[in-house]
Structure formats: C-alpha cells, structure tokens
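For reference, the structure is listed below as structure tokens.
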Amino acid sequence: MDDYIRAIKRESESSQELRTLKQMLIQAEKENDHQSAARIGMKLIELKRKT
C-alpha cells in the first residue's frame with residue numbers, strides 16, 4: 001500500500017512539474033528567448049522519458 005501511495009505522489013509531482021515547464025516554455029517563446037525555450041524543451045523531453 002505504501003508503494004502505491006508513493007507512486008501516486010511521484011506521478012502527481014511529475015504532472016505538476018510538466019505543467020510548470022510548459023508554462024515556462026510558452027512564456028520564453030512569447031519573449032523570443034530561444035535559448036531558454038530550448039533548455040526548457042530539453043527538460044520537458046527528459047521528464048517525459050522518465051514517466
């Protein structure tokens with residue numbers, strides 16, 4: 001049961017991090033900050049691979 005709860009918490013944290021990164025990516029693109037957008041995009045890809 002404890003493992004199940006930990007798995008749910010990890011998934012929830014990952015989902016929140018994905019949402020935050022997506023918002024940061026949108027903001028960087030609006031500001032034409034291509035370096036930040038690329039860095040955030042790479043973080044998104046890495047996080048998606050882990051999930």
Side-chain angles (χ1 to χ4, degrees):
M1 186 69 154
D2 290 334
D3 291 338
Y4 181 71
I5 292 170
R6 274 187 239 122
I8 291 172
K9 285 182 180 180
R10 274 194 308 269
E11 185 175 325
S12 176
E13 290 169 359
S14 294
S15 295
Q16 177 61 37
E17 189 173 357
L18 279 171
R19 283 192 297 276
T20 301
L21 286 171
K22 286 178 184 178
Q23 290 172 347
M24 290 171 63
L25 179 61
I26 290 168
Q27 185 63 35
E29 289 174 344
K30 284 181 182 178
E31 295 173 358
N32 289 320
D33 187 351
H34 302 291
Q35 288 180 338
S36 291
R39 191 171 53 250
I40 294 166
M42 293 302 292
K43 287 181 183 179
L44 277 167
I45 291 169
E46 184 180 322
L47 186 59
K48 286 180 182 180
R49 284 183 183 162
K50 290 180 182 180
T51 56

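Proximity of Met24 to Leu21: side-chain heavy atoms (C-beta onward) are separated by under 4.5 Å at one or more points.
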N/O donor to acceptor pairs below 3.5 angstrom from side-chain atoms of residues 34-44, sequence neighbours left out:
residue : atom : partner : partner atom : Å
Ser36   : OG   : Asp33   : OD1          : 3.4
Ser36   : OG   : Asp33   : OD2          : 2.8
Ser36   : OG   : Arg39   : NH2          : 3.2

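With rounding to the nearest 0.5 angstrom, the OG atom of Ser14 is 10.5 Å from the CZ atom of Arg19.
Side-chain contact check for Glu31 and Gln27: at least one donor-acceptor pair (N or O, by modelled atom type) lies under 3.5 Å.
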